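Inspection log for the structure reproduced underneath, given as structure tokens.
These numbers were taken from a predicted model, which means no experiment stands behind them.
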There are 2 protein chains.
Amino acid sequence: MIRKKQVTLNDIAARSGVAAMTVSRVVNGNGYVSEETREKVLAAVTEMNYRRNGLARSLKRQKTETVGLVLGDLSNPYSTELANAVRESLSAQGFNLFICISEHSGKEDIAAFEALVDHNVDGIIVATRSNRDGNERLDRIADSDLPIVVVGRDFPHKGVDYVSADNFTGGFEATQHLIDLGHRRIGFIGAAFEDRHSLKRLQGYLKALEKHDIAVDERLITGRSESAADVPGYSTEKIGYEGMKRLLSLPNRPTAAFARNDLTAFGAIAAIKEAGLSIPNDIAIVGFDDTPLASHTTPALTTVRQPMRLQGQIAAEMLLRRIRAVEDVRREDRILDCELIVRGSTVAAKL
Amino acid sequence: MIRKKQVTLNDIAARSGVAAMTVSRVVNGNGYVSEETREKVLAAVTEMNYRRNGLARSLKRQKTETVGLVLGDLSNPYSTELANAVRESLSAQGFNLFICISEHSGKEDIAAFEALVDHNVDGIIVATRSNRDGNERLDRIADSDLPIVVVGRDFPHKGVDYVSADNFTGGFEATQHLIDLGHRRIGFIGAAFEDRHSLKRLQGYLKALEKHDIAVDERLITGRSESAADVPGYSTEKIGYEGMKRLLSLPNRPTAAFARNDLTAFGAIAAIKEAGLSIPNDIAIVGFDDTPLASHTTPALTTVRQPMRLQGQIAAEMLLRRIRAVEDVRREDRILDCELIVRGSTVAAKL
DNA sequence: TGATTATGTGTTATCGTTAACTTATCCAAA
DNA sequence: TTTGGATAAGTTAACGATAACACATAATCA
């Protein structure tokens, strides 16, 4: 199909009898242009339905005024809030936001990074889980001085800022809360093999157990099996559901569990109910995030609230700071406090 | 900050003692290049850490191999599934996907369209709700022959394909199901003023009432108030929650309600439980989408399942067909069947 | 053997825009 | 009158890549 040939500055220039540069000045509203010429040009612009070519413009100006956001786990309300906050902050400053999804693998991370770099975005905000291949590529991109900010985790590169909730302390407090209630067999739901090391919430859980001299039982730590990543539409809820089923099938099942996030907790809750057990009496549950639904489950979910919008705002600010910087920027990192929200899903352990 | 000057084809050419064109051939793997030259060039490429400039490439080639997806309501699992399916289909064909969010207004729709058009995407998939300003702009873009596909609704333009679930029939069957169970006072939750006309699910609801000679009670149709759009973090659940609260406060409250989607239904369920009423005995609830959580609520949610991934796949195929078309493409539309999934949240009305 | 095709590489022009520079006019201050 | 800043517009040369063409030389075929 023969697409309509796009109208260029030169077409407008020819039509209105001025130089292309003058048209450019009118369109961009900079430089000196007489009122008379401006109107003439504007008329031609409207008549010919001209729209400037962003590619050419960006190529020449060496900037796109566009930022990329790489999200893992789109379905998590955390991502939604984050993306919205980022977008709002950026658009207030005249920047566009393009989102790329990378749900499962380092390969997808890399594909997303490359797509963004290829389009010469002015900066990238990364909110995927840490993984080797992805980190390696990100490192190379950061080396090239492209502004990068990482959200929800850290990233060891002098040119990369990060903002995150205090997942470690959050995980610690969630577990501490269960311990305080008298629980001793406490499960952790949602730790895939590959993120045992990077998962701060898990580390907080382990730390709390350690502090109270509770031995770690590996069978109580459960998560997605390797293959789940490949199943399209495999949801976080399902991970929680299956994880809890596994915990329930243990000879000596836990009396409480901490789920890596609310969605996982919802799945776990479903599994518990399905088994005919009661929450919180048979099993207490703590989630993480405080998503909108958390207060609406029965019983309402005890969870760790993290500031989602704030992380997005800060990430956007950090990135803009780098984009606009004239001289070298010192690395910045922000760890934001979480807050334990106690609701009905946790109660003192039966003795 | 002085960013590293980017390495260009010419730098590589100079370094390896060949013409820029030869480097281009090596990098793109087309045209004839001797093995010897190829290696020499590749060595230089690695040494100098060259990456081609996508902007320049796209400008010259007049295509970006990138597609934009405009999503409303990111938090809905429907969007997640759709986006993933689209991305998978596209990336299998070597296309990148950039997602833009437009949660509330025509203004945001327009901003998203412009951002994408400015970046010369090869096509756009639109999955936002219909609204006047957005439609108008989309119409103009379609006039310029940019391939466009609309998902989840229709769009009257000869150059725009669409794929959608059969929302009308879905809404009809959901309501019919409630009527079959003996319900006569049936609420509808989630119809904002501005989409009364475009909301096919509502129209299906109205049609079912009409068929059974049940008078429409406007007070039973409830949704987000105008202002809610401006509240950041305002969730769909909340709309359902508040909508149901309003229904419950009616002098003669309904015995059943059909929610525009599952999230709205979850909110409604929360409101019912909070009021100390029972589902489905006091109030029966039907949702729409069959999101992962729907089968996990208590009681499990009766809902209308729509094919989410399939819509994404079809949308991607439709768009690629247009992008690759050599001659004019005839408009295509697909309406996909939905399926009523009866679970525990609906039961015969008490007499 | 001469003609033809395949292979390898370079040159030029261009994609559409804008930064930087140049030219020209006008008016006010010195 | 001269100088010079503000205003108004045009010219040129990129930004970085590649399509199109040209020109070799080598391999193949009639």
With side-chain contact (heavy atoms from CB on, under 4.5 Å) as the test, pick out the partner of A:V67 among A:V121, A:I323, A:I124.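 Passing option: A:I323.
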Counting only side-chain nitrogens and oxygens, does [X] get under 4.0 Å of the OP1 or OP2 atom of [N]?
{"X": "A:N53", "N": "C:dC15", "answer": "no"}
{"X": "A:R52", "N": "C:dT17", "answer": "no"}
{"X": "A:S34", "N": "D:dA9", "answer": "yes"}
{"X": "A:T22", "N": "D:dA9", "answer": "no"}

Neighbour count >12 (heavy atoms, 6.0 Å) for atom CZ, A:R334: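 Not buried by this count: 12 neighbours or fewer within 6.0 Å.
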Tell me whether A:E36 at atom CD has more than 12 heavy atoms from other residues, nucleotides or ligands lying less than 6.0 Å away. no
Parallel under 30°, tilted from 30 to 60°, perpendicular over 60°: which one fits the rings of B:H119 and A:H119? tilted
Are a donor atom and an acceptor atom from the side chains of B:S130 and B:N135 found within less than 3.5 Å of each other? yes
May I have the distance from [X] (atom [atom1]) to [N] (atom [atom2]), rounded to whole angstrom?
{"X": "B:Q62", "N": "C:dG16", "atom1": "CD", "atom2": "C1'", "result": "9 Å"}
{"X": "A:N28", "N": "C:dT18", "atom1": "CG", "atom2": "C1'", "result": "8 Å"}
{"X": "B:L59", "N": "C:dT17", "atom1": "CG", "atom2": "C1'", "result": "8 Å"}
{"X": "B:L9", "N": "D:dG16", "atom1": "CG", "atom2": "C1'", "result": "7 Å"}
{"X": "B:Q6", "N": "D:dC15", "atom1": "CD", "atom2": "C1'", "result": "9 Å"}
{"X": "B:H119", "N": "C:dG16", "atom1": "NE2", "atom2": "C1'", "result": "15 Å"}
{"X": "A:E39", "N": "D:dA8", "atom1": "CD", "atom2": "P", "result": "13 Å"}
{"X": "B:D11", "N": "D:dA17", "atom1": "CG", "atom2": "P", "result": "9 Å"}

Under-4.0 Å salt bridge between A:D109 and A:R129: no
State the [atom1]-[atom2] distance between [X] and [Y], to the nearest 0.5 angstrom.
{"X": "B:N49", "Y": "A:D143", "atom1": "CG", "atom2": "CG", "value": "8.5 Å"}
{"X": "A:R38", "Y": "A:S16", "atom1": "CZ", "atom2": "OG", "value": "12.5 Å"}
{"X": "A:N96", "Y": "A:T64", "atom1": "CG", "atom2": "OG1", "value": "8.5 Å"}

Might you work through the side-chain contact (heavy atoms from CB on, under 4.5 Å) test for B:R321 and B:D161, ending with a clear yes or no? CA-CA 10 Å; B:R321 184 182 69 117; B:D161 301 326; 3.3 Å; yes
Between the protein and nucleotides 4-7 of chain C, which nitrogen or oxygen pairs come in under 3.5 angstrom?
residue, atom, partner, partner atom, Å
C:dT7, OP2, B:Y32, OH, 2.8

Please assess A:E108 against B:R87 for the test salt bridge (Lys or Arg N to Asp or Glu O under 4.0 Å), listing each intermediate value before the final yes or no. CA-CA 11 Å; A:E108 286 180 9; B:R87 178 177 59 104; 3.3 Å; yes
Hey, is the main chain of B:G134 close enough, under 3.5 Å, to the side chain of B:N131 for a donor-acceptor pair?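 Here the side-chain-to-backbone pair exists.
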When we call it a touch if two heavy atoms are under 4.0 Å apart, what does A:T37 touch: a base, just sugar-phosphate, or nothing? sugar-phosphate
Give one of base, sugar-phosphate or nothing for A:N10, where a contact means two heavy atoms less than 4.0 Å apart. base
N/O-N/O pairs, protein side and nucleotides 19-23 of chain C side, under 3.5 Å:
none

Watson-Crick or G-U stems of DNA chain D, 3 or more pairs, under 3.5 Å, by first number: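 Detected stem regions: C:1-30 with D:1-30.
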